[in-house]
Amino acid sequence: MHDTQLPTYKPKDFATDQDVRWCPGCGDYAILKAVQKTLPTLGRRKEDYVFVSGIGCAARFPYYMDTYGLHSIHGRAPAFATGIKLANPALDVWLVSGDGDLLSIGGNHTMHTMRRNVDINILLLNNRIYGLTKGQYSPTSEFGKKTKSTPVGSPDYPVNPLSWAIGGGCTFVARSIDIDVLHLEKVMARAAAHRGTSFVEVYQDCNIYNHQTWFYASQKKTRPDSTIQLEPGKPMIFGADSDKGLQMDGTRLKVVELGNGVSESDLLLHDETDRGLAFMLTQLSFPEFPEPLGIIYASTEQETYDHVVHEQIRQAIEMDGKGDLHKLLHEGETWVVEDD
Amino acid sequence: MSTDTDTAHRHVDTKPVDAVAIRFCGDSGDGMQLTGGLFTNTAALFGNDIATYPDFPAEIRAPRGTTFGVSGFQVQFASTDIFTPGDAVNALVAMNPAGFKTNIMDVEPGGIVIVNEDEFNKANFKKCGYEASYDPLDDDELNRRYQIVRVPMTRLTRESLTDAGMGAKDVDRCRNMYALGIVCWLYDRPLDPTIRFLDNFFGKKKDKPEVAAANIKALKAGFFFGETAELFPVRYQVARARLNPGKYRKISGNEATALGFVTAAAKANKQLVYASYPITPASEVLHTLSRLKRYGVTTFQAEDEISAVCAAIGASFAGQLALTGTSGPGLALKGEGIGLAVMLEVPLVVIDVQRAGPSTGMPTKTEQADLLMALWGRPGESPCIVVAPRSPSDCFDMAIEAFRLAVRYMCPVIYLSDGYIANGAEPWLLPDLDAIEPIQIEHPSETNNPDGTFLPYKRDPETLARPWAIPGTEGLEHRLGGLEKEADTGNVSYDPENHDQMVRTRAAKVLKAADIIPLLEVRGPESGDALLLGWGGTYGTITTAGDELREAGHSVSTAHLQYLNPFPKNLPDVLGRFKTIIIPEINLGQLLKVIRAEYLIDAVGINEMRGKMFRIADLVEKTLQIIGR
């Protein structure tokens with residue numbers, strides 16, 4: 001199919017001629033930019049990318065990417081993505097959608113895609129609100145949140161997307177934040193390189209219906225104390241003066257201050273391949289704990305779904321040869337009626 | 001292996017008959033489906049025309065001896081061309097009182113009823129709801145009405161297998177072969193095909209030669225019992241049928257559906273991607289296709305019906321032949337996805353093996369009540385092509401047809417099978433694969449706009465189809481979505497005129513399919529008093545009813561629609577040539593509504609929803625009432 005060597009792409013090669021219609025100041029702009037900057041670095045051909053989305057503000061994403069794209073129906077993007085990989089596993093499929101789409105109406109498909117380990121990349125743009133339908137609470141909204149549909153406060157406890165992903169068997173789980181394009185690019189490049197389902201939660205600001213919901217984690221002033229940047233094999237340090245860290249206390253994590261007999265070597269080291277640790281990290285929430293950013297879990301032990309499916313086909317052909325349709329139709333007991 | 005079953009020790013007259021309908025019934029664990037299937041094979045291999053109707057209980061293993069655990073299998077075999085498993089049962093084999101109770105009313109007056117006398121005891125009467133003091137075998141009325149033949153099958157099977165070295169339970173499981181042996185004697189059918197099967201299945205496949213030997217022994221014992229016991233004054237013989245010459249196999253609708261779609265993929269030079277969620281009575285299609293990996297088939301058992309249709313659409317977008325399959329409740333769930341396929345204008349085939357509804361309804365029973373849902377059960381104006389196979393073997397042809405239309409017109413095609421033809425079987429004249437036209441698919445590799453851009457919604461003027469450009473093709477990157485499209489560019493558009501035009505274009509495109517679908521054929525005179533118009537699985541019954549009415553001198557023709565949207569071009573012309581249009585359907589009158597609305601014809605319906613096929617006699621009688629004879 002490809003007769004030439006890989007062209008050198010620039011971010012603008014991935015932009016379409018369509019006007020981007022998100023609200024001015026929406027966090028989605030930065031995420032779009034980060035994606036358009038990341039793709040040229042991945043060494044894939046533009047025509048091999050497929051962006052898939054469901055419904056919602058975030059789901060407009062494919063219209064702004066000059067790749068193949070499918071803006072589907074509410075909640076079902078993971079199923080479309082699975083079908084695309086079944087039909088052509090060589091394609092590089094990215095699924096971009098919001099918290100309502102992927103965790104509420106589409107929760108079922110998200111979960112099953114993760115456990116199958118379909119080789120796709122999922123970007124969850126989490127703004128903890130329904131934007132496109134104008135401001136109802138979402139599955140990630142806080143308990144008690146007052147919105148148009150919950151005038152006296154939401155009675156739902158929120159879903160924790162990353163715990164959910166770890167529990168659902170996802171093989172790559174990470175978190176980033178809309179305003180930090182460099183961090184986003186780094187995380188996305190890792191997600192792209194992962195074989196299997198990669199799930200990246202992006203804290204995204206909806207400046208119309210849920211402005212500042214992530215400000216504690218995104219603003220320069222508060223970010224160092226409210227988040228922790230995970231690095232594989234490195235001690236878990238955070239804080240504006242890098243003076244705090246995470247330690248195991250029995251079966252739980254605790255925050256400790258460095259100094260007074262506590263040194264870096266006493267801190268927990270991050271191990272991306274430890275599912276149990278990963279689950280504990282996903283449970284950390286501000287203000288009791290810093291919230292982890294970066295790659296929380298990455299395992300390459302499990303084969304991808306699309307690989308297994310196509311391997312079964314390959315093996316069936318290797319064992320018994322390519323199917324002969326004539327023989328198949330003539331299987332079983334047959335009889336001949338003579339011309340009389 | 002051969003048996004010496006041809007030498008009769010006792011002279012019994014043999015009476016030639018044209019057709020016989022036999023029903024085997026018993027507990028769901030009694031092996032009635034196997035017994036019926038083996039008798040069917042025997043008759044088919046002998047050269048009879050056959051048609052079968054398995055009637056499963058809903059429960060996998062209902063409590064033994066209860067009426068809701070009764071499993072039945074009816075086969076009609078004939079020396080003439082037949083279209084149905086038969087109305088009235090000529091011979092019933094009842095392995096227990098529950099089977100007797102639930103099936104006896106379908107036996108023709110004077111019909112043969114062979115019962116396993118050993119099971120007719122007080123405990124079993126109670127289980128199936130007879131009064132403990134009532135033994136139906138002693139009922140004078142029933143004995144006057146039917147030839148009840150009592151055979152102590154349990155005891156005789158045990159006696160014939162005393163030295164088989166098997167436990168009592170295993171010995172008793174051979175009773176169905178004993179019964180089959182009796183029936184093979186009574187209808188003068190050879191035992192060889194059954195012996196061959198038992199040897200292969202139990203002896204080779206399951207590696208239990210002792211089970212094979214015991215079953216064969218029971219089969220022969222039953223046969224010799226028929227011969228020596230003097231219970232039957234006469235044997236019956238059904239001569240070979242004059243079928244079209246060629247090679248045949250027996251096929252059920254679901255098998256033919258699976259094979260048809262595999263063939264379609266081969267003819268299109270594509271992989272078949274089948275995404276489905278298990279549902280009765282469609283699951284067998286998934287089972288069959290999942291075994292055919294070597295034939296270019298990828299199957300996906302999705303987490304639900306919605307995922308199945310969406311994965312299929314994804315596969316279609318990515319360039320393979322995409323198929324999803326379900327029954328009525330699943331079609332309802334797939335509605336939004338199918339609507340998206342209408343909007344994306346990608347080829348997709350949706351199998352709906354209809355069952356009795358609404359809601360869960362009666363999953364193992366048949367109905368035709370999803371037609372209007374197939375035609376209109378989606379939000380907005382979202383027309384689909386709708387086709388319906390009319391018999392088990394026709395499923396093969398219509399499956400190929402469904403994909404031919406889907407890829408030519410870039411739209412979803414709904415394929416309406418039903419439980420009756422899905423599970424029923426008939427002889428299938430094996431097709432010449434080379435004679436099946438290839439399915440032409442062209443994926444563009446070049447842009448289609450002078451300015452060098454690609455227009456994903458630029459249409460072929462003849463078919464109105466848009467180009468099927470697939471991911472991986474350099475320079476044709478484009479976005480599809482559920483939002484309304486601007487003509488040509490496919491960009492999102494809220495322009496009022498554009499929307500009006502796009503809605504009309506999608507509808508016009510589907511109607512274009514009438515250009516290539518075959519014209520409706522009339523069986524019987526081209527004009528007359530009445531036309532019986534049907535669709536789907538009622539073909540055999542309506543056709544037989546029509547033939548009987550004409551034989552009795554009535555001016556009644558029949559026609560059967562395999563294409564429900566669009567209709568064949570000559571349909572209005574055909575309808576106009578008959579004084580009365582009668583539409584028998586297993587629903588409350590769905591095709592009837594469409595015909596009345598579309599053609600302003602005062603058509604009349606014959607409607608029944610019993611979870612079963614019409615009885616031919618009922619159709620004949622109701623038709624006569626309608627035409628006033």
Side-chain angles (χ1 to χ4, degrees), chain A residues 1-2 16 18 45-53 55 62-63 65-76 78-88 90-91 108-109 111-112 309-310 312-313 316-317 320-323 325-326 328-340, chain B residues 41 44-45 47 193 242-250 259 262-263 266 271 273 275 292-296 298 300 302-304 306-308 310-320 322 336-337 339-340 344 430-431 433 470-483 491-492:
Chain A
M1 197 182 298
H2 308 299
T16 61
Q18 298 295 293
R45 289 180 171 269
K46 199 168 90 158
E47 60 269 25
D48 290 340
Y49 286 111
V50 183
F51 276 76
V52 184
S53 66
I55 293 293
Y63 289 122
M65 292 296 301
D66 191 24
T67 62
Y68 285 92
L70 185 58
H71 176 217
S72 72
I73 49 177
H74 207 3
R76 320 302 171 197
F80 291 97
T82 302
I84 291 168
K85 288 297 279 191
L86 283 171
N88 184 356
L91 296 170
N108 190 34
H109 310 302
M111 179 173 78
H112 289 287
V309 168
H310 289 97
Q312 284 182 351
I313 294 171
I317 293 171
D320 297 316
K322 222 169 155 25
L325 200 53
H326 179 84
L328 176 68
L329 301 191
H330 289 245
E331 244 175 27
E333 295 214 66
T334 58
W335 68 95
V336 173
V337 173
E338 304 289 352
D339 214 341
D340 55 14
Chain B
N41 283 350
L45 291 172
R242 285 215 187 106
L243 298 173
N244 288 326
K247 194 172 175 188
Y248 283 80
R249 72 179 268 195
K250 183 186 76 167
L259 294 180
V262 172
T263 304
Q271 293 279 316
V273 177
L292 301 181
K293 294 182 172 38
R294 298 193 294 126
Y295 299 85
T298 307
F300 173 50
E303 60 271 21
D304 61 31
I306 298 172
S307 169
C310 294
I313 293 169
S316 176
F317 175 60
Q320 301 296 3
E336 191 191 7
L340 178 69
L344 302 180
L430 289 164
L433 281 172
I470 57 173
T473 314
E474 191 178 348
L476 304 190
E477 292 85 355
H478 63 280
R479 275 64 56 196
L480 299 178
L483 288 167
N491 288 331
V492 176

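Proteins get letters first, then strands, A, B, ... in listed order; numbering begins at 1 in each. Note that the structure is a prediction, hence the values are computed from the model and not measured.
Interface summary for chain A: among B:Leu243, B:Val273, B:Val262, the most heavy-atom pairs under 4.5 angstrom belong to B:Leu243. Ranked by heavy-atom pairs shorter than 4.5 Å toward chain A, the options B:Cys310, B:Ala315, B:Gly296 are led by B:Cys310. Comparing B:Ile313, B:Asn491, B:Leu344 by how many heavy-atom pairs each has under 4.5 Å with chain A, the most go to B:Asn491. For the set A:Val50, A:Asp320, A:Val309, A:Ile317, the count of heavy-atom pairs under 4.5 angstrom toward chain B peaks at A:Asp320. Here A:Pro62 is the residue among A:Ala81, A:Gly332, A:Ser53, A:Pro62 with the most heavy-atom pairs under 4.5 Å with chain B. Note: B:Leu483 leads B:Asn244, B:Leu292, B:Leu483 in heavy-atom pairs under 4.5 Å with chain A. For the set B:Glu303, B:Glu336, B:His478, the count of heavy-atom pairs under 4.5 angstrom toward chain A peaks at B:Glu303.
Residue contact with chain A, scored on non-hydrogen atoms closer than 4.5 Å, involves the side chain of B:Ala266 exclusively. Contacts of A:Ile313 with chain B are made by both backbone and side-chain atoms, with heavy-atom separations under 4.5 Å. With a 4.5 angstrom heavy-atom cutoff, A:Met65 touches chain B only via backbone atoms. Residue contact with chain A, scored on non-hydrogen atoms closer than 4.5 Å, is absent for B:Ala322. Residue A:Glu333 touches chain B through both its backbone and its side chain, counting heavy-atom pairs closer than 4.5 Å.
No donor-acceptor distance shorter than 3.5 angstrom exists from the side chain of B:Arg479 to the backbone of A:Leu70, with no hydrogens or angles considered. Remark: side-chain polar atoms of B:Arg294 are paired, donor with acceptor, to backbone N or O of A:Gly321 under 3.5 angstrom.
When side chains are defined from C-beta on, A:Glu47 does not count as touching B:Thr473, because their heavy atoms never get closer than 4.5 Å. Side chains of A:Asn108 and B:Ile306 form no contact here, defined as non-hydrogen atoms less than 4.5 Å apart. Using a 4.5 Å heavy-atom cutoff, the side chains of A:Tyr68 and B:Leu480 are not in contact.
The two residues A:Leu91 and B:Pro471 make their nearest non-hydrogen contact at CD1-CB, 3.7 Å. In plain terms, the two heavy atoms of B:Pro431 and A:Leu329 that are nearest each other are CG-CD1, 4.0 Å. Shortest non-hydrogen contact noted between A:Val336 and B:Lys247 is CG2-CG, 4.1 Å. Closest of all the heavy-atom pairs between A:Phe80 and B:Leu340 is CZ-CD2, 3.3 Å.
Between A:Thr82 atom OG1 and B:Phe300 atom CZ the span is 5.0 Å, to the nearest 0.5 Å. Here the OG1 atom belonging to A:Thr334 is positioned 7.0 Å from the CG atom belonging to B:Leu430, to the nearest 0.5 angstrom. One finds the OG1 atom of A:Thr16 at 12.0 Å from the CD atom of B:Glu477 (value rounded to the nearest 0.5 Å). If you take NE2 on A:His109 and CG on B:Asp304, they are separated by 4.5 Å, rounding to the nearest 0.5 Å.
The aromatic rings of B:Tyr248 and A:Trp335 sit parallel to each other, their planes meeting at less than 30°, with 60° as the upper class boundary.
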